[in-house]
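Quantities reported herein were computed from a predicted structural model and do not represent experimental measurements. What's counted below: heavy atoms across the whole structure, side chains too, no hydrogens, waters or symmetry copies.
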Amino acid sequence: MSIAKTYLPKEAEERWYKYWLDNNFFRSVPDEREPYTIVIPPPNVTGVLHMGHMLNNTIQDVLIRRARMKGKNACWVPGTDHASIATEAKVVAMLKERGISKKDLTRPEFLDYAWEWKEKYGGIILEQLKKLGASCDWERTKFTMDDNLSEAVIDTFIHLYKKGLIYRGIRMVNWDPQGKTAVSDEEVIRKEVNQKLFYIKYSIVGSSDFLTIATTRPETIMADAAICINPHDERYTHLHGKKAFIPLINREIPVILDDYVTMDFGTGCLKVTPAHDLNDYELGLKHNLPVIDILNDDGTLNAKAEILVGEDRFAARKKIAAMLEEAGALDKVEEYKSQVGFSERTNAVIEPKLSMQWFCKMEEMAKPALDYVLNGDIKLIPEKFINTYRHWMENVKDWCISRQLWWGQQIPAYYLPNGQYVIAKTIEEALELAKEQTQNPQLTAQDLTQEEDVVDTWFSSWLWPISVFDGFKDPDNADINYYYPTNDLVTAPEILFFWVARMIMAGHEFRGQVPFKNVYLTGIVRDKLGRKMSKSLGNSPDPLDLIEKYGADGVRVGMLLSSPAGNDLMFDESYCLQGRNFYNKVWNAFLLVKGWEVDDSLSNPNAVAINWFDSRFNQALIEIEDDFSQYRLSEALMATYKLVWDDFCAWYLEMIKPVYLQPIDRETYTKTIAFFENILKILHPFMPFITEELWHDELFGERDMLDSCIVAQLPINGEINSRLLTDVESVKQIITQVRSIRSGKGMSPKEALPLFVKANSGIDYLLYKAILTKLANLSELNLVADKVAGASSFLVLTDEFYVPLNENIDVEAEKERLQKEKDYLIGFLKSVNAKLTNERFMSNAKPEVIEAEQKKRADAEAKLNIIEEGLSGLAN
RNA sequence: GGGAGUUUAGCUCAGCUGGUUCAGAGCAUCUGCCUUACAAGCAGAGGGUCACUGGUUCGAACCCAGUAACUCCCACCA
């Protein structure tokens, strides 16, 4: 059992990261080079690295490092998002632990705690990104509540208000009773939930009749304003105009008619609860019904409920069911599945709630944002998302931008004593405006109160590509002029709408330009059973553990190996293992080359191998470039993987490697090192750590330290000798065939075999004698004019190969093999001939297709000839 | 309910404008090897009714229609 050679030591990752930082590799300032810019999708400041981040940031790092190596001025701007609800919730929880209640704090006191929290825990995720090797320009790190970024939020709010795009109004909004704030439609996650459908009897006033309604929310009956039935529903029309008693509280409500009610759902009767359901609200408006809001902001029942006051809505639901049962008003209860909205940030069940909020009109801004994508100014990768994007942009609704929180940018609205308000950046400006508006010069700042609400977090992150370059305060500064529009945005499809689309709107609105040219939408990371990774399932590996186990390079390669754009990625640790094995392979190839001793007196016997690999490398490079240009990162990586593992290690190094302990000639040595350098260059974006480590070895000579990352200038249009490439493919086949014969006969690889060639194709196999001899382990290689009797044989193209063995060959088996091949060729020729004699084929097919078929026929005929000769030879 | 997407080897995926009668890759599997770079490896091998049914075509994994299964997005049926 041999002991595995070591791979990249763990401390090396930290060492090289520090080296990059110390040498300012990631630092970017505007210069005369072409810029390449990515702004990071800012992770929540409360967040810790998860697998989605790993994928996302690996992709960004590959793109940015590649651009940097190609000589562009690559700038990756990192930062975090203040995430109002999530952060405020964490701070409240922290305060609770310390025995402090948010209620007892003033706004500034609370914010002090929040900042304290942010300073303490806010940088964790960015530190984690460094472990992955992320080459961000850390000096540019931004936070969505940095002074300039917050100021930009206020300025844009005022700008949009002045433009008439922001308004205030009472609307039914999605209320998060846990965060005690409104959230936007996009922040509501609908999930199917098993519920109960309660059938409740409402007795008709002045009669023994009753109506039964079905509801999932019996706790809201106290907020009922009417019972609605379909005007065509003959079961109930006689009750129209009558009144019914709400059970338990015995309040009278009217029975009304509306087409909205579906006759065949439930009982065909609908309880109308305008305060707690959007449809009911609209129905209420239509029928002029009162709005009775029985819920407090935290989801408990208020005094208007009359009963169960102070109880939580879910507790109340259970209790009221029991009470109804006792009162004989509960007809039955059925199991029922329905969609329930949950808060994206707190996971609380969303309550539709009528409240005064601030809104941003979207329609006007959506149009140009849609056009950018439709006309290709912004490319979505993969393209299939264009449809979804279009659908959303064409049906866009106004955006509720106010949040009843403290952590965030406070809305710059100031209320006057008369209830009116003014919008201004400062209280001084507000006072001036207020005096003007009220014609009252006596007003003082004390008369004004600023709006308590803050804006939605997305109202700051939609400015991100501009605000990170300070493009609001100073719209003509050197950074924004140089870096904006940015190049690629890499993000998850789930935030296409509430982030990507809005950034495009903001880009147009505030700079008249797209914010980025390409949007690469990654897949969702799932486990290998296809389940989304989540804390509750416990199926998400800790990325830092993976890095510990497989190395950052291994994990990066693992993430990329199976993540085509837009397709979800079924993550499995075995990919990381494959990544680790890969960089270990590179490491070992390095050890091999490193161990060679050069003898300058030797001449170079490897010209063919060197020329071949040179061509092969240039060919692969074109393929890799092409994959990258189409953002096919996993394919680019796989092409690189095969080039390195198969072509370089398995074939090239085996071709040229000298016998153990023998020296190598200078030319082969130099060329091989040059190849290796190129390989390190193409590997670097994928595996920055090991390539950096190897790059600095003395094997590759003295070099300017700073050059080590900027390894540009690959021979993109290098020469490709295609004849050599195809001939070597034949040579490889010959080698495989000989090995296969050996393995089929149970012979040791050490046993050398003779090989006789009857070359019909014109390939000069003597050119490849050294390679064939070495890799196929031949005792001799001879060209012959005639068939060799009694030998194992095989065909490559139309060339015949004979391996005489000591034992006699099995004539019958050989006959059978040849016969099989003959049958195949005959069938094949039949099909080719069928085409070539088909008039329609000849007249419809493209000339090059016909030509190809003709060549196929000629080749097959030649082969058939050889096989027939072989067969007749055996017959004798 | 509306829209989009997927279905190719055990697994994850390629397959560009339709053009071989072995439909490709990586991983996994099987067999043989501790051959002095690498057992985290080397050599060899096996593995597929391209979801199903029809159609168009000289020719279909690819185009069209239908069916089935799965996934995602959007949507107010209590």
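Considering only side-chain atoms of A:T216, the nucleotide from B:rA78, B:rU20, B:rU71 that sits closest is B:rA78. Minimum atom distance to the side chain of A:F828 is reached by B:rU21, of the listed B:rC76, B:rC74, B:rU21. Closest to the side chain of A:K585, from the set B:rA37, B:rU57, B:rG44, is B:rA37. Looking at the side chain of A:R190, the nearest of the listed nucleotides B:rA37, B:rC58, B:rC76 is B:rC76. The side chain of A:N584 approaches B:rC38 more closely than any other nucleotide in the set B:rC58, B:rC27, B:rC38. In this structure, of B:rC72, B:rA25, B:rC58, it is B:rC72 that holds the atom nearest to the side chain of A:R526. Taking only side-chain atoms of A:L591, from C-beta outward, the nucleotide of B:rA37, B:rG19, B:rA78 with the closest atom is B:rA37. Between B:rU35, B:rG26, B:rU71, one nucleotide has an atom nearer to the side chain of A:K750 than all others, and that is B:rU35. When distances are taken from the side chain of A:Q339 to each of B:rA75, B:rA37, B:rU21, the shortest belongs to B:rA75. Taking every side-chain heavy atom of A:Y660 into account, B:rU36 is the closest of B:rA25, B:rU36, B:rG41.
Across all strands, A:Y575 comes closer than 4.0 Å only to sugar-phosphate atoms, never to a base (heavy-atom distances). Contact annotation for A:Y336: backbone-only contact, meaning every heavy-atom pair under 4.0 Å involves sugar-phosphate atoms and none involves a base. Nucleic acid contact for A:V261: base, since at least one base atom lies under 4.0 Å from a heavy atom of the residue. Nucleic acid contact for A:S831: base, since at least one base atom lies under 4.0 Å from a heavy atom of the residue. The residue A:F582 sits apart from the nucleic acid: no heavy atom pair falls under 4.0 Å. If you check every strand for non-hydrogen atoms under 4.0 Å, A:C649 touches a base. A:G595 comes within 4.0 angstrom of no nucleic acid atom, judged by non-hydrogen atoms across all strands. Counting any heavy atom pair closer than 4.0 Å across all strands shown, A:E848 reaches no nucleic acid atom. Contact annotation for A:W596: no contact, since no heavy-atom pair falls under 4.0 Å across all strands. Heavy atoms of A:L270 sit under 4.0 angstrom from at least one base atom. Among the heavy atoms of the strands, none lies under 4.0 Å from A:S748. Here A:T736 lies in heavy-atom contact (under 4.0 Å) with sugar-phosphate atoms only. Note on A:T262: a base of the nucleic acid sits closer than 4.0 angstrom, heavy atoms only. Among the heavy atoms of the strands lying under 4.0 Å from A:N838 are primed sugar atoms or P, OP1, OP2 only; no base atom is included.
A straight line from CD of A:Q733 to P of B:rC22 spans 15 Å, rounded to a whole angstrom. Distance, A:M747 CE to B:rC33 P: 15 Å, rounded to whole Å. The CZ-P distance, from A:R390 to B:rC74, rounds to 17 Å in whole Å. Between the P atom of B:rG59 and the CD atom of A:E853 lies a distance of 14 Å, rounded to the nearest Å. In this structure, A:F841 atom CZ and B:rG18 atom C1' are separated by 12 Å, rounded to whole Å. Distance, A:I690 CD1 to B:rC38 P: 15 Å, rounded to whole Å. In this structure, A:L283 atom CG and B:rA78 atom P are separated by 15 Å, rounded to whole Å. With rounding to whole Å, A:N581 atom CG is found 9 Å from B:rC27 atom P.
More than 12 heavy atoms of other residues, nucleotides or ligands sit less than 6.0 Å from atom CD of A:E729.
Looking at A:E821 and A:R817, a side-chain N of the basic residue comes within less than 4.0 Å of a carboxylate O on the acidic one, giving a salt bridge. Checked for salt-bridge contact, A:K732 and A:D647 meet the test: a charged N lies under 4.0 Å from a carboxylate O. Ion pairing between A:D859 and A:K863 fails under the 4.0 Å rule for side-chain N and carboxylate O.
For A:K332, the salt bridge (Lys or Arg N to Asp or Glu O under 4.0 Å) partners are A:E334, not counting sequence neighbours.
Taking the centre of each ring, A:Y641 and A:F686 stay at or above the 6.0 Å mark. A ring-centre distance under 6.0 Å is not found for A:F648 and A:F675.
As rounded to the nearest Å, B:rU49 and B:rA61 have C1' atoms that lie 12 Å from one another. Between B:rC62 and B:rC50, the distance separating the two P atoms is 10 Å to the nearest Å. Spacing of C1' atoms, B:rC63 relative to B:rU71, comes out at 25 Å, to the nearest Å. Taking the C1' atoms as reference points, B:rA28 lies 35 Å from B:rU17, given to the whole Å. Using C1' as the reference atom, B:rA4 and B:rU12 are 23 Å apart when rounded to the nearest Å. The same atom, P, is picked in B:rC22 and in B:rU31; the two are 30 Å apart, to the nearest Å.
Proximity of A:N279 to the phosphate of B:rC77: no side-chain N or O atom is located under 4.0 Å from OP1 or OP2. At B:rA4, none of the side-chain N or O atoms of A:Y389 fall inside 4.0 Å of OP1 or OP2 (strictly under the cut-off). Contact check, A:K830 against B:rU20: no side-chain N or O comes under 4.0 Å of OP1 or OP2. Taking side-chain N and O atoms only, A:S743 has no distance below 4.0 Å to OP1 or OP2 of B:rU31. Residue A:K657 places at least one side-chain N or O closer than 4.0 Å to OP1 or OP2 of B:rA37. Note on A:R580: every side-chain N or O is 4.0 Å or more away from OP1 and OP2 of B:rC38. Taking 4.0 angstrom as the limit, A:W392 places none of its side-chain polar atoms (N or O) nearer than this to OP1 or OP2 of B:rA75.
Checked by distance alone, A:Q578 brings no side-chain donor or acceptor within 3.5 Å of a matching partner on the base of B:rA28.
In this structure, OH on A:Y575 lies 12.5 Å from CG on A:L577, to the nearest 0.5 angstrom.
Across all their heavy atoms, A:A639 and A:D627 have their closest contact at CB-OD2, 4.3 Å.
Residues A:M263 and A:D185 both approach RNA chain B. Their nearest nucleotides, taken by heavy-atom distance, put A:D185 toward the 5′ side. Taking for each of A:R632 and A:S740 the nucleotide of RNA chain B with the nearest heavy atom, the 5'-most of the two is the partner of A:R632.
Checked against A:Y652 for a side chain to side chain donor-acceptor pair (under 3.5 Å), the options A:D646, A:N606, A:T672 give a single hit: A:T672.
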Counting Watson-Crick and G-U wobble pairs with both distances under 3.5 Å, what is the dot-bracket string for RNA chain B, 5' to 3', using [ ] for crossing pairs and | for pairs to another strand? (((((((..((((.....[....)))).(((((.......))))).....(((((..]....))))))))))))....
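Under the 3.5 Å distance criterion, with hydrogens and angles disregarded, no donor-acceptor pair is assigned to the side chains of A:T212 and A:D331. A:Q854 and A:R857 share no side-chain donor-acceptor pair at under 3.5 Å.
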